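So you know, we letter chains A, B, ... as the sequences are listed, proteins then strands, and number each from 1. Given the structure is predicted, the values throughout are model-derived calculations rather than measurements.
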2 protein chains.
Amino acid sequence: MVSIKHIAKDLGVSAATVSYALSGKGRVSRALAERIRARAEDLGYRPSVAARALKTGRSGILGLVMPDLTNPLFPRMAQTLATVADSRGLGILIADSRGRADEQSEALRRLVGRGVDGVLVIPRKGSVPEPQPVPMIVINTASDPGSAVSADHAGGGALVAGHLAALGHRRIAIIGGDPVSEVQRDRIAGMVAALPPDADAQTGWGDAGIAALAERVAAGATAVMTTSDLLALRAHSELRRAGLNVPGDVSLTGFDDLPLATAMHPSLTTVAQDVRTIAEHAIEMITARIAGEPGEDCPRTVPMRLICRESTSTPRTNKEVQP
Amino acid sequence: MVSIKHIAKDLGVSAATVSYALSGKGRVSRALAERIRARAEDLGYRPSVAARALKTGRSGILGLVMPDLTNPLFPRMAQTLATVADSRGLGILIADSRGRADEQSEALRRLVGRGVDGVLVIPRKGSVPEPQPVPMIVINTASDPGSAVSADHAGGGALVAGHLAALGHRRIAIIGGDPVSEVQRDRIAGMVAALPPDADAQTGWGDAGIAALAERVAAGATAVMTTSDLLALRAHSELRRAGLNVPGDVSLTGFDDLPLATAMHPSLTTVAQDVRTIAEHAIEMITARIAGEPGEDCPRTVPMRLICRESTSTPRTNKEVQP
DNA sequence: TTGCTTCGCTTAATCGTTAAAGCAAGCGGT
DNA sequence: ACCGCTTGCTTTAACGATTAAGCGAAGCAA
């Protein structure tokens, strides 16, 4: 490995001068600085991150803690965060929390122990990450007071609900995955709030909720809103099993715009997060905090986007359906 | 931050002694070593990774380059690699290659520039990562000569093909995503090789292949094998659109055992990778190479596992189907 | 000429950890 | 009593980069 000293000896100057020339900080003559940069270039000099980290106390690495990665949205988040961080010269060290809350704390501690400059956390549903000795940015949802950046999950819920209401739906079944998840609760709260006063929406959870769907439709529901595309796929399977057509008999919506949303038939009307913008906010906020800037404390909320596909249409006209 | 020196001064010994005591390497009396460890413990001493990295030339960090993370399998791989690496005291720095081959090289260079001790690469389909100044382990498929660890994709293909053949299927349509992917080619090669001599299998690719499915079934195909669960879902949509029932009229198989495999109806017969074992091999091999051990060059192949669900059954008896 | 600045570079200290080498004390053998 | 060996600790010098401080030389003013 070629160090600053090699370049220095090579050009007969001191190591300090090389450092100054490369960083452009000290007082080095134009000519010499240019020679040094050229020499560094063709010697293939790469500064030692370890040495720099030791001296400056900054590793240039951010930690990222995510819950179990079974949710296909997280990887997209990770990828985008990595890309954005990279454009600022930062690296992303991942630690998975294996879905358990205690592992989340453990993962955080491991990251901090590795000398990261800050941590980004997408908390496990229903958990609150404990404070850390380095800046921490939580990406969750608006109703979580600790959350610094989030998609506007409630707004997203409002978008689908508004869309269905505009199509004429009034009796709507809502399917959530897990009531412990603030994200899902916000999505559902947004849905409910956006429905007109004469609408009737009831929420069911998980497999039990899905199993009850046919009955709900028989009772007059003309649309089903879910809090994730995977739930929508499950719901769709159940509806078909009951002989119900989407969107002919029932409209159906998902959340997250996963790849499966277009692979399904009918393709799924869903809501997409602006992952890029969220990542940018998160990185921006954490770099500001690391730099010790005041850092506006106000959490930022990024709007979601409705994607209308084939799974939603006007309500069926015949109120009764025969399974 | 409390350093080795604080502990040293605190106990009136030299820094070297503390280092020796904590690492258990030098000659330190039992009693003193115990006192030092206790003091370190309650002072909350955390060794500086930067300093250690500088001194030893090892950062304890591995780089991980993956293609676009839209494939839901990669995050699982990343998570498992992170877990396994962690158990060896290593961290994982991710860099996504944004799906482009040149970005893959760029990502590798960035990681190396960050001082990682080695890199793990799941190459973008059809690409060969260029050699790096640090140990590199490629996770791909057996037919790639550069691949060090891989799932036995051909074997997995053989499993599904054997399963269908055993059920009695002889005319089978195969759907691949992209012929440029070695993984998918191996999967298909394995399928074809495992079919009995009297069987007839033809491969179609991507959307065009899927669009032709109904025709293939009308021509006598009784089963469809795909190289991914997402393709299977697409194929299922197309088959249903043509009025064909799975598995009544046609059997259907996927690959990878994604969450959607159980969300579909019928649930999908598919093949799962042993991600954990692959990750363990990869980490084991790269640590060996980093340690400078001879490192057996033989690539390792990890068996896959067939998961039989509802989407496969015996072939239909009436040869002709009416769309 | 003296005094003051600015320029351009060097010296040296430092970050926290490691490890080779050194050194005093104690012990056993002859 | 003397030599050599082990034990238990210290001294010292790195690793590579950064940066405050120092120091000649040159430039300018008086």
Side-chain angles (χ1 to χ4, degrees), chain A residues 1-37 39-41 43-61 89 91 112-117 133-134 291, chain B residues 1-37 39-41 43-61 89 112-117 133-134 290-291:
Chain A
M1 275 289 97
V2 37
S3 82
I4 240 177
K5 281 189 191 166
H6 292 100
I7 307 180
K9 200 188 297 177
D10 210 64
L11 276 88
V13 297
S14 78
T17 305
V18 176
S19 174
Y20 283 131
L22 293 178
S23 67
K25 278 186 180 169
R27 297 174 303 193
V28 184
S29 67
R30 277 201 163 281
L32 180 54
E34 203 40 67
R35 280 208 303 151
I36 289 175
R37 269 190 288 269
R39 206 85 196 83
E41 173 74 22
L43 282 182
Y45 167 72
R46 297 279 155 223
S48 151
V49 274
R52 186 173 285 170
L54 176 58
K55 179 63 188 169
T56 63
R58 294 265 149 81
S59 63
I61 293 182
V112 171
R114 282 208 169 277
V116 299
D117 294 339
V134 296
Chain B
M1 274 291 92
V2 37
S3 81
I4 242 177
K5 282 188 191 166
H6 292 101
I7 307 179
K9 201 189 296 177
D10 210 64
L11 281 116
V13 298
S14 77
T17 305
V18 176
S19 173
Y20 284 132
L22 294 177
S23 66
K25 278 186 181 169
R27 297 173 303 193
V28 183
S29 66
R30 275 199 165 283
L32 180 53
E34 204 40 69
R35 279 208 303 150
I36 289 175
R37 269 191 288 270
R39 205 86 197 82
E41 174 74 21
L43 282 183
Y45 167 72
R46 297 278 154 222
S48 150
V49 273
R52 187 172 284 171
L54 175 58
K55 179 63 187 171
T56 63
R58 294 265 149 81
S59 63
I61 293 182
V112 172
R114 282 208 169 277
V116 300
D117 294 339
V134 296
I290 289 171

Next on the checklist: I'd like to know whether A/V18 forms a side chain to side chain contact (heavy atoms under 4.5 Å, CB included) with A/Y45, so could you lay out the CA-CA distance, the side-chain angles of the two residues, the decisive distance to 0.1 Å, and finally the verdict.
Outcome noted: CA-CA 11 Å; A/V18 176; A/Y45 167 72; over 6 Å; no

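Side-chain nitrogen and oxygen atoms of A/S19 include at least one within less than 4.0 Å of the OP1 or OP2 phosphate oxygen of D/dT18.
With sequence neighbours excluded, the residues forming a side chain to side chain contact (heavy atoms under 4.5 Å, CB included) with B/V112 are B/Q132, B/P133, B/V134, listed by chain and number. Partners of A/R46 by side chain to side chain contact (heavy atoms under 4.5 Å, CB included), not counting sequence neighbours: none found. In this structure A/R37 satisfies the salt bridge (Lys or Arg N to Asp or Glu O under 4.0 Å) test together with A/E34, sequence neighbours excluded.
Of the residues in residues 49-60 of chain A, those placing a heavy atom less than 4.0 Å from an atom of DNA chain C are A/L54, A/K55, in numerical order. Taken residue by residue, residues 1-15 of chain B places heavy atoms nearer than 4.0 Å to DNA chain C at B/S3, B/I4, B/K5.
Comparing the end axes of the helix from C/dT1-D/dA30 to C/dT30-D/dA1, each fitted to five base pairs by superposing C1' atoms of four pairs onto the next four, gives an inter-axis angle of 60° (nearest 10 degrees).
The side chain to side chain donor-acceptor pair (under 3.5 Å) contacts involving residues 15-24 of chain A comprise A/S14-A/T17, where partners must be two or more places apart or lie in separate chains. Every pair passing side chain to side chain donor-acceptor pair (under 3.5 Å) that includes a residue from residues 2-13 of chain A is listed here, sequence neighbours excluded: A/S3-A/H6, A/D10-A/R39. A salt bridge (charged side-chain N to carboxylate O under 4.0 Å, His left out) check over residues 16-32 of chain B, counting only residues at least two apart or in different chains, returns nothing.
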Dump every N/O contact between nucleotides 21-26 of chain D and the protein below 3.5 Å, one line per pair.
none

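Scanning DNA chain C 5' to 3' for nucleotides with an atom closer than 4.0 angstrom to a non-hydrogen atom of chain A gives a first and last hit of C/dC7 to C/dG16.
Counting any heavy atom pair closer than 4.0 Å across all strands shown, B/S48 reaches sugar-phosphate atoms only and no base atom.
Annotation for B/P47 and B/R52: closest pair CB-NH2, 3.3 Å, computed over non-hydrogen atoms. Minimum heavy-atom separation, B/A50 to A/A53: CB-CB, 3.8 Å. Between A/G113 and B/V49, the shortest heavy-atom contact is O-CG1, 4.0 Å. What you find for A/I4 and A/A15 is that their closest heavy atoms are CG2-CB, 3.7 Å. Here the closest non-hydrogen pair linking A/V28 and A/A33 is CG1-N, 3.9 Å.
One distance of note links OG of B/S59 with CD1 of B/I290; it measures 8.0 Å at 0.5 Å rounding. For the atom pair CG (B/D117) and CD1 (B/I61), the distance works out to 8.0 Å, reported to the nearest 0.5 Å. Annotation: the span from A/E41 atom CD to A/I7 atom CD1 amounts to 10.5 Å, rounded to 0.5 Å.
In this structure, B/R46 and A/S29 both approach DNA chain C, and ranking their closest nucleotides by distance from the 5' end singles out A/S29.
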